[in-house]
Amino acid sequence: MIVGELVGHTERISGFTFSHHPGQYNLCATSSDDGTVKIWDVETKAVVTEHALHQFSPIYIKEEEVKTEVTGDCVTMWVLGTKALQEQTIGALGDLKRLYKDGIVVIIDISKKGEVIHRLRGHDDEIHSIAWCPLSGEDCLSVNQEENSEEPDIPNGKLIAETPITKGCYLATGSKDQTIRIWSCSRGRGVMVLKLPFLKRRSGGVDPTVKERLWLTLHWPKNQPTQLVSSCFGGELLLWDLTQSWRRKYTLFSTSAEGHNHSRIVFNLCPLKTEDGRQLLLSTSMDRDGVTAVKCWDMATLECCWTLPSLGGFAYSLAFSPVDVGSLAIGVGDGMIRVWNTLSIKNNYDVKNFWQGVKSKVTALCWHPNKEGCLAFGTDDGKVGLYDTCSNKPPQISSTYHKKTVYRLAWGPPVPPMSLGGEGDRPSLTLYSCGGEGIVLQHNPWKLSGEAFDINKLVRDTNSIRYKLPVHTEISWKGDGRVMALGNEDGSIEIFQVPNLRLLCTIQQHHKLVNAIVWHHEHGSRPELSCLLASGSNNAVIYVHNLKAVLESNPESPVTITEPYRTLSGHTAKITSLAWSPHHDGRLVSACYDGTAQVWDALREEPLFNFRGHRGRLLCVAWSPVDPECIYSGADDFCVYRWLTSMQDHSRPPQGKKCIELEKKRLSQFKPKLKKKKKPSLRLPAKQDSSISNEDESVKENSGPAENGFSDQDGEEEAPEPELPPSPVVCGEPVSCTAVSLGFEKSKVTVSSKVTSLKKEPPKEKSEALLKKRKARSMLPLSTSLDHRSKEELHRDCLVLATATHAKAELNEDVSADLEERFHLGLFTDRATLYRMMETEGKGHLESGHPELFHQLMLWKGDLKGVLQAAAERGELTDSLVAVAPVAGYSVWLWAVEAFAKQLCFQDQYVKAASYLLSIHKVYEAVELLKSNHLYREAIAVAKARLRPEDPVLKDLYLSWGSILEKDGHYAIAAKCYLGATSAYDAAKVLARKGDAASLRTAAELAAIAGENELAASLALRCAQELLLLKNWVGAQEALGLHESLQGQRLVFCLLELLCRHLEEKQPPEVRGPSSIYHQWATGSEGTLMQRVTDVWRSTFSVDTPEQCRATLQKLQDVKYPSATSNTPFRQGVSCSPGWPGTSYVAEHDPEVLVPNAKTIALLLHVCHDLTLAMLSQQAASWEEAVPALLQAVVRSYSSGNFTLMQEIYSAFLPDGCDHLRDKLGDLSPTMAAFKSLEAFCIYGQLYEVWWSLCGPGPESSVGVCSAESSVYGNQSKPGDSASAEDREQPPGTSLRLGAESERLLRACKELFSERHASLQTSQRTVAEVQETLAEMIRQHQKSQLCKATANGPNKDEPSQEAEWAPSQPLSPTEERNAPVSLPELTRRLTEANERIAEFPESVKAWPFPDVLECCLVLLHIGSQCPGAVDPEMQQQAQKLLQKYGHTRAYRRHCQIRHT
């Protein structure tokens, strides 16, 4: 368990040691590559003192009375004083680095100013470790040595007798030459040599002859001078017995169990003594693949107590096994999979590593739902495989690779063609993988060597899709295996039904790439929650959708969902992972790039706990399947954290300055230095995948734009794979960083040269001689030069020429040799000699760098084909040569053009190369050349001009270019490409990705023109909603008018506009918000609101007859909005009386309610949708539908905490009460239960108006109150003040009496005292309180356990924590006697409450009802203020209900006050 961090070093830690001296056990020392050495107080986590005297990194720290540090430049000693730490540097040895590299040990006397006493020679290679004997004097060991031998040859274990020496001290050194030497400091010579044994290991071990893989570390245990601990070749630890020479001289650590030793060299040993006296030894090793592991050993038993593994890369994925619930699989960027047994009792870090066949970053993991030990993994190079974690077998690898990184794996039922066949011929579950290229593959786990199937083909065939399918980024199967969800790059989520993947619905909520999709579990107490789907994308908002209606209705055509069920806002960067709690209903945890993990109550839209322990961006998160409070999270800080929700200090993600501080904390983590390269001419490595690359993190933080304050790249610096421990050489860095810095320097040089050139004087005019034309270069320069030799040579040329021309027979050898030597005479002899002269001249031109002259000579010779071939081989073809190529024939010309096109491609002249290919009618090759080099515009121009319009190549060009433009964010040009490919659907969707009103309107118009009616309707509705947030009512109606099917939505928006206008008119001008763009028909004020709505519907939208109302009603009923919660983003500021329980609200006029703004518009839209259904049902004489719709509008405003809006609904739509609705329905109507709830809410609001009128000036209402002193209102507190309403007392001498209307309303309150509803509400409160108590018990237990673990034992003064919990709230005397509540008692209460709830009829549970006990309290308070105003019988009934059902915690205090 991590109890703290020591933060201060800026580079890699190279040394560490604890203090073992009395009074200084709380001190430790560290050295770092930043050149500093620090002394820390581990209790305060603060630096006591530090120094930076070394030029190189300290490589060795020894904790003695005098602390010694060694580097390549000096030895530094710190004397540990009693009050402070004093530092002293002893003798700078310039050749110290050379000494320990050569195996020489230097002993220095610090009392004589660093005088060298001995130079101990004996090792043949560099020295790795030095250990002093813990006891002074040399009488602790009985060693022998021949005095006359300077360099004695001492066999392993052979001792020579010698008299013990009481002065001096023994010294042990370990070297790369595979030996340990014991030295006598008094004599300055070696006394014992120990050679490392060649140990055979069952796992194969390491070749002991390879010196480069050895690091020999030593530790001489305190108070045990006859024993020495050392490392060995393969990571083993040996305990040497320095007294027994005739027996086995060493004991191997941990011989009882295989696998407890390190698998690689050990480079650090650190002793530790516990408070109970146990001697422990900590060893650090670079185990397999460069991953550091720390082991703790018990020096008494030589057994491994525990192992602390580490991660060598980012933690990309976490997955708990559904069969072996304690097994957590971790996918890491170092090419290994860790399986952590989180339930292990003996070892908290019981981890198994799997690395065979991986060879790349593990980016996705998924356990088989039923088969134990079957783990699927995906890597960043597109590999998909299966591991059997219960065996040592290598993994099975799928033969089908993704082209890019595997982002998600999921097990699901097989779909065609894999689902075809009998039950025994196919697996029950297949593996699905989603890759970075945007496709989902289905793998057969029985035959991974077979080809995997792309499900896009099945989706396209089943749903008859003509348009381009979106790029898939996420996949998730519902728990029952009947439905699959696919997340896409454009932010949409598609829901498919098995077995043929029929599209059920599309969720258009996110506008950026979807990163995470999770279905709610199916084993909760509320089965309907299994239809919840949570999703996160590159924006910071999490959406939860309830798909129950869609899954149960099974629509024939796909449905588009644009409204979320719940919205979780608070993060400030992109969401990377989501996980539902398997222990709670509706509880979700999210991982985010803002560096935090957030736990949400998704049903109430409430943030609960926020974890900020990571130093990097979170990449994955998983909820423990056994502990409801435990969550695991992984990040790019190379860590996986296990944390408890109840131990977190924060409840929501950081905002503003807190977020900036968290980013600084993340950036303060270790970043390796750049390694200096000698040669700057380095090639840049090939560009890797943008999502997961090997670039250094520090470089990435400063490159490219950042989103929400964080870079959007997921690059990682993998842990190195050294076989040796840290050395003075600085850590390496990727070559790309060096290349970037070199390029920057080069650019600076260029700029400076330009600046210098500006200072030069203007050039002077050239002389006439320079302006003359330069003479053309000679075509035959060699022959010309030979004709300018001496007279004798020229005479000799004439004689040779005469002999050759006048010879009647064949020339003799001498003449032939002369002619060959004097090649320039070929100009005057036969053609063969002339050809030789041209060849010689041509070679001269090539050697002097004038190939064009050589080509001209070959043309003179008539060898045009040879000229072209030679030029092509040398890459020296030119336009002129290709132009004359037809002279040599048609085939030669074709060949020359192709060769020239290839040459131009090597020279990056792709457009010119394509033009030459077009000249020989190779249109397809020219188009492909331009396309492959991303010259899509030119390729389309060529294809459009030279190919047939129906040629598929042209369409492919449009689609390819459109995809690239879409990824780059050029949506308008991408839409043109899709239109060019006759894919208007894709064009409309890509235009809508921008999300603004103008883009959505254009996309809707485009879809309407193309005949995509459903898409046009959904886009037009989204456009109208965007304009609605801007309060542009005219624009919203125009957008809805683009499609006829949105006639019902136009009525909803009309009602919303009139309602907002109505609310705005009620406010004084000084509190009104900015003016809105209203229609002309919204400015009138004649008649009631309902009359105005009906008139506008009739005159503007032609909705008059019952048939029209019924048709519009049917369309609107298909649209479902989620119910509101008190934590929605548009929650209102209506103050709640702090002294009252439940959901009672104070009716103080809130300007934010009556003057609608962007926050309230969403709530008003949902309310107006219900009101529109009610009015249409009323005009169609369908009262059975009107009452539930009206009740839904009232409940929606009530649940969102907007009490004032609820009252406005009643005053506008039910001004005369609910009696006329009762007459319309009849007593036998099935919706009579809904009517009673509606009537109860109406009376509930009127009851509060009466109470508020007694408290002071409140809202305008129909009720009245009279007072003997009119000044009483000026002295009353406003509703919502700090004191509760029941505690307010009237001034002395003041008497209040209610008016007749108020008394009538109080008599009607009898309808609120429903004992059946009171019993149901009490049972529901009991369930909630029991669940809260159980959660509190778990939190208290975990806190006590954590305190015990931290303090190494429980406090005897504190009572033990049992399975009981005492509530902190004040209790009644009867309850105080039974305050502790046991777990069985809580279980009994929960069971009884659930049984009582199940007994109630569905009609009672289906419709909400006001809080009965709350109404009783309000009525009794009114009766106490106005004696005689409330019927005594009603008061008795209210008191009876409170006594019977007021035992829950929420009403306990109020009932006690009433009784007293």
Side-chain angles (χ1 to χ4, degrees), residues 199-207 213 233-236 252-265 285-293 295 303-304 306-313 317-344 346-347 349-379 381 383-399 409 411 427 431 443 445-449 640 721 723:
L199 301 176
K200 293 184 179 180
R201 301 173 63 187
R202 283 180 284 179
S203 58
V206 181
D207 186 2
R213 299 177 70 94
F233 296 103
E236 304 90 352
L252 183 65
F253 277 57
S254 186
T255 57
S256 60
E258 181 69 19
H260 280 190
N261 276 301
H262 291 286
S263 60
R264 292 289 188 271
I265 57 174
S285 168
M286 280 290 187
D287 282 344
R288 186 178 304 281
D289 292 333
V291 179
T292 306
K295 291 181 179 290
E303 294 296 330
C304 181
W306 47 261
T307 300
L308 178 62
S310 66
L311 306 183
S317 180
L318 296 174
F320 270 103
S321 171
V323 180
D324 185 7
V325 292
S327 295
L328 173 64
I330 308 173
V332 191
D334 57 6
M336 298 176 65
I337 302 172
R338 273 79 165 178
V339 178
W340 182 4
N341 182 12
T342 59
L343 301 182
S344 176
K346 296 182 179 180
N347 185 2
Y349 301 100
D350 183 6
V351 177
K352 295 174 64 176
N353 298 330
F354 299 91
W355 55 271
Q356 295 182 358
V358 180
K359 301 178 181 179
S360 187
K361 302 175 186 178
V362 182
T363 54
L365 293 171
C366 187
W367 292 91
H368 194 284
N370 306 321
K371 188 176 179 181
E372 183 179 5
C374 183
L375 177 63
F377 68 91
T379 65
D381 60 357
K383 183 188 307 178
V384 176
L386 287 177
Y387 243 118
D388 185 0
T389 60
C390 299
S391 67
N392 295 324
K393 298 179 181 179
Q396 305 177 51
I397 305 299
S398 174
S399 61
L409 296 172
W411 292 93
L431 180 62
H443 306 265
W446 289 3
K447 192 177 180 181
L448 286 178
S449 58
V640 172
E721 189 179 352
E723 292 297 343

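Ser321 meets the side chain to side chain donor-acceptor pair (under 3.5 Å) test with no other residue; sequence neighbours excluded. Scored by the side chain to side chain donor-acceptor pair (under 3.5 Å) test, Ser449 finds no partners at all (sequence neighbours excluded). With sequence neighbours left out, the side chain to side chain contact (heavy atoms under 4.5 Å, CB included) criterion links Lys352 to Phe354. Checked against side chain to side chain donor-acceptor pair (under 3.5 Å), Thr379 has the following partners two or more places apart in sequence or in another chain: Asp381. Judged as a side chain to side chain donor-acceptor pair (under 3.5 Å), and not counting sequence neighbours, Asn370 has no contacts. Partners of Pro369 by side chain to side chain contact (heavy atoms under 4.5 Å, CB included), not counting sequence neighbours, listed by chain and number: Trp411, Leu429.
Within the model, atoms NZ of Lys371 and CG of Asp388 stand 6.5 Å from one another, a figure rounded to the nearest 0.5 Å. To the nearest 0.5 Å, atom CD1 of residue Ile397 and atom CZ of residue Phe377 are 4.0 Å apart. The distance from the CD1 atom of Ile330 to the OG atom of Ser317 is 10.0 Å, given to the nearest 0.5 Å.
The shortest side-chain heavy-atom distance between Leu448 and His443 falls under the 4.5 Å cut-off. No side-chain heavy atom of Leu409 sits under 4.5 Å from any side-chain heavy atom of Trp367.
Heavy atoms only, all atoms of each residue included: Ala329 and Leu375 are closest at CB-CD2, 3.9 Å. When all heavy atoms are compared, the tightest approach of Lys383 to Gly357 is NZ-O, 3.0 Å. Shown here for Ser310 and Arg338, the closest heavy-atom pair between the two residues is O-NH2, 3.0 Å. Residues Gln356 and Tyr387 come closest through the heavy atom pair O-OH, 2.7 Å. Val351 and Pro309 make their closest contact through CG2-CG, 3.7 Å (heavy atoms, listed as atom of the first residue, atom of the second, distance). For the residue pair Cys390 and Gly373, the shortest heavy atom distance occurs at SG-CA, 3.8 Å.
With hydrogens and angles disregarded, a donor-acceptor distance shorter than 3.5 Å links the side chain of Thr342 to the backbone of Gly326.
Note: Trp340 and Tyr349 have parallel aromatic rings, judged against thresholds of 30 and 60 degrees for the angle between ring planes.
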Would Leu431 and Leu386 count as a side-chain contact (heavy atoms from CB on, under 4.5 Å) if you check the C-alpha gap in whole Å, the side-chain angles of each, and the deciding distance to 0.1 Å?
-> CA-CA 10 Å; Leu431 180 62; Leu386 287 177; 4.3 Å; yes

